[in-house]
Trainee: 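Dumping the structure here so I can ask a few things about it.
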Amino acid sequence: LQLALIISLACSLAALGLGAQEEPVEPQGVGLSVEPGGLLIQHVKPGQTYDLAQTSGIALKISNSDTKPRTYVLSTHRPSEVGNRKWLEGYLEIPDPSWFWFEQDHLTVDPQSDGYVKMFLKVPEGAQYDNQQRVVSIGVQGTPQLGEMLALAAYPRYQIETESKTDVEA
């Protein structure tokens, strides 16, 4: 079976933090956007490892609209662990966020540039994982630079659906 990916095209998560300035002329700002901001991965066969870039051409895109390079820490979470309390009806939190991972756990993006990271998925093998609808939150957390107290972060949710089996007993 082929892995089918559906991307919500309008779902780019963006966060902007404007610097405090006395004059509104050319405010300095920091910005982070993450694409895809939402993702539905269907027909996942338990036990098979998926490289989403290879399978579908989809990589995580992180855009840095700041005037300085920014380093981002990449992670995966159960949605409730990062304050996401609502997701699509019929989906359950992923039991183990390590089923979804990145080719690296840090990425530095130059000013006014984009960085890309491959994403991977492997649901464990076993009949108990067939006919499942799960949700995982990915974390893209900026690291504060010297003199900064805050950094931007985004936590998009991705839905994962394992392949359907009709011969599963209830």
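Just so it is clear, the structure is predicted and the values come from calculations on it, not from any experiment.
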Trainee: Quick one: does Lys122's side chain get under 4.5 Å of Phe100's, heavy atoms only?
Mentor: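 Result no, sub-4.5 Å side-chain heavy-atom pair not found.
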Trainee: Looking only at the side chains, is there a donor atom on one of Asn64 and Ser113 sitting less than 3.5 Å from an acceptor on the other?
Mentor: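 No, no side-chain donor-acceptor contact under 3.5 Å.
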Trainee: Identify, with sequence neighbours excluded, every residue that meets ring pair (Phe, Tyr, Trp, His ring centres under 6.0 Å) alongside Tyr91.
Mentor: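 Ring pair (Phe, Tyr, Trp, His ring centres under 6.0 Å) check on Tyr91 returns nothing, list empty.
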Trainee: Check side chain to side chain contact (heavy atoms under 4.5 Å, CB included) between Asp114 and all other residues, then give those that pass, not counting sequence neighbours.
Mentor: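 Residues passing side chain to side chain contact (heavy atoms under 4.5 Å, CB included) with Asp114: Lys61, Ser63, Tyr116.
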Trainee: Look up atom CD in Gln159 and atom CZ in Arg157, then write down how far apart they are to the nearest 0.5 Å.
Mentor: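 Rounded to the nearest 0.5 Å, the CD-CZ separation comes to 7.5 Å.
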Trainee: Sequence neighbours excluded, which residues qualify as salt bridge (charged side-chain N to carboxylate O under 4.0 Å, His left out) partners of Lys118?
Mentor: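 Salt bridge (charged side-chain N to carboxylate O under 4.0 Å, His left out) check on Lys118 returns Asp51.
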Trainee: So does Gly37 get a backbone contact from the side chain of Glu35, meaning a donor-acceptor N/O pair under 3.5 Å?
Mentor: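 Checking the backbone N and O of Gly37 against the side chain of Glu35, no donor-acceptor pair under 3.5 Å is found.
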Trainee: Would you say that Leu32 contacts Asp66 through its side chain, given a criterion of any heavy-atom pair below 4.5 Å between the two side chains?
Mentor: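 No, too far: nothing below the 4.5 Å cut-off.
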Trainee: Step by step, work out the side-chain contact (heavy atoms from CB on, under 4.5 Å) result for Ile138 and Phe102.
Mentor: CA-CA 10 Å; Ile138 66 162; Phe102 305 97; 3.9 Å; yes
Trainee: Where do Val135 and Tyr158 land on the side-chain contact (heavy atoms from CB on, under 4.5 Å) test, with the steps shown first?
Mentor: CA-CA 6 Å; Val135 62; Tyr158 293 173; over 6 Å; no
Trainee: Please name the pair of heavy atoms, one in Ala151 and one in Thr143, separated by the smallest distance, quoted to 0.1 Å.
Mentor: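 Between these two residues, the closest heavy atoms are CB-C, 4.0 Å.
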Trainee: What pairs with Gln128 under side chain to side chain contact (heavy atoms under 4.5 Å, CB included), at least two apart in sequence or on another chain?
Mentor: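 Partners of Gln128 under the side chain to side chain contact (heavy atoms under 4.5 Å, CB included) test: none.
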Trainee: Are the side chains of Ile58 and Pro36 in contact, using a 4.5 Å heavy-atom criterion?
Mentor: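 Yes. Closest side-chain heavy atoms under 4.5 Å.
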Trainee: As an exercise, state the distance from CD of Gln141 to CG of Leu74, rounded to the nearest 0.5 Å.
Mentor: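 Nearest 0.5 Å value for the CD-CG distance: 8.5 Å.
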Trainee: Quick one: are Leu39 and Ile160 in side-chain contact, heavy atoms under 4.5 Å?
Mentor: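 Leu39 does not reach Ile160 side chain to side chain.
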Trainee: If you look only at pairs with a residue in residues 71-80, which of them pass as a side chain to side chain donor-acceptor pair (under 3.5 Å), with sequence neighbours excluded?
Mentor: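 Sorted result for residues 71-80: Thr71-Thr108, Ser75-His77, Arg78-Glu81, Ser80-Glu93.
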Trainee: Residues two or more places apart in sequence or in another chain: which of them pass side chain to side chain contact (heavy atoms under 4.5 Å, CB included) with Lys86?
Mentor: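 Once residues adjacent in sequence are excluded, Lys86 has no partner under the side chain to side chain contact (heavy atoms under 4.5 Å, CB included) criterion.
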Trainee: Please report the interatomic distance CD(Gln48) to CG(Leu121), rounded to the nearest 0.5 Å.
Mentor: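 Between atom CD of Gln48 and atom CG of Leu121 there are 9.5 Å.
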Trainee: What salt bridge (charged side-chain N to carboxylate O under 4.0 Å, His left out) pairs are there with at least one residue in residues 96-111, not counting sequence neighbours?
Mentor: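 Output for this query is empty, none listed.
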Trainee: Tracing side-chain links under 4.5 Å among I, L, V, M, F, W and Y, which residues wind up in one group with Phe120?
Mentor: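 Members other than Phe120 - counting any ILVMFWY side chain reachable under 4.5 Å - are Trp101.
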Trainee: List the residues meeting side chain to side chain contact (heavy atoms under 4.5 Å, CB included) with Gln145, not counting sequence neighbours, and say none if there are none.
Mentor: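 Gln145 satisfies side chain to side chain contact (heavy atoms under 4.5 Å, CB included) with Lys68, Arg70, Glu148 once adjacent residues are dropped.
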Trainee: Among pairs that include at least one residue of residues 132-145, which meet salt bridge (charged side-chain N to carboxylate O under 4.0 Å, His left out), considering only residues two or more places apart or in two chains?
Mentor: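 Listed by first then second residue: nothing to list.
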Trainee: Can you confirm whether Pro111 sits close enough to Pro69 that some side-chain heavy atom of one is under 4.5 Å from a side-chain heavy atom of the other?
Mentor: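 The answer is yes, as the side chains (C-beta and beyond) meet within the 4.5 Å cut-off.
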Trainee: Please list, chain by chain and in numerical order, all residues satisfying ring pair (Phe, Tyr, Trp, His ring centres under 6.0 Å) with Trp99, sequence neighbours excluded.
Mentor: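 With neighbours one apart ignored, the set is Tyr129.
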Trainee: State whether the side chain of Glu125 and the backbone N or O of Pro46 hold a donor-acceptor pair below 3.5 Å, judged by distance alone.
Mentor: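 Not confirmed, Glu125 side chain does not pair with Pro46 backbone.
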Trainee: Can you sort out the partners of Gln133 under side-chain hydrogen bond (donor to acceptor under 3.5 Å, both in side chains), two or more places apart, ordered by chain and number?
Mentor: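 Only Glu161 meet the side-chain hydrogen bond (donor to acceptor under 3.5 Å, both in side chains) criterion with Gln133.
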Trainee: Going from OG on Ser56 to CD1 on Ile41, what distance comes out if it is rounded to the nearest 0.5 angstrom?
Mentor: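 Those atoms lie 8.0 Å apart.
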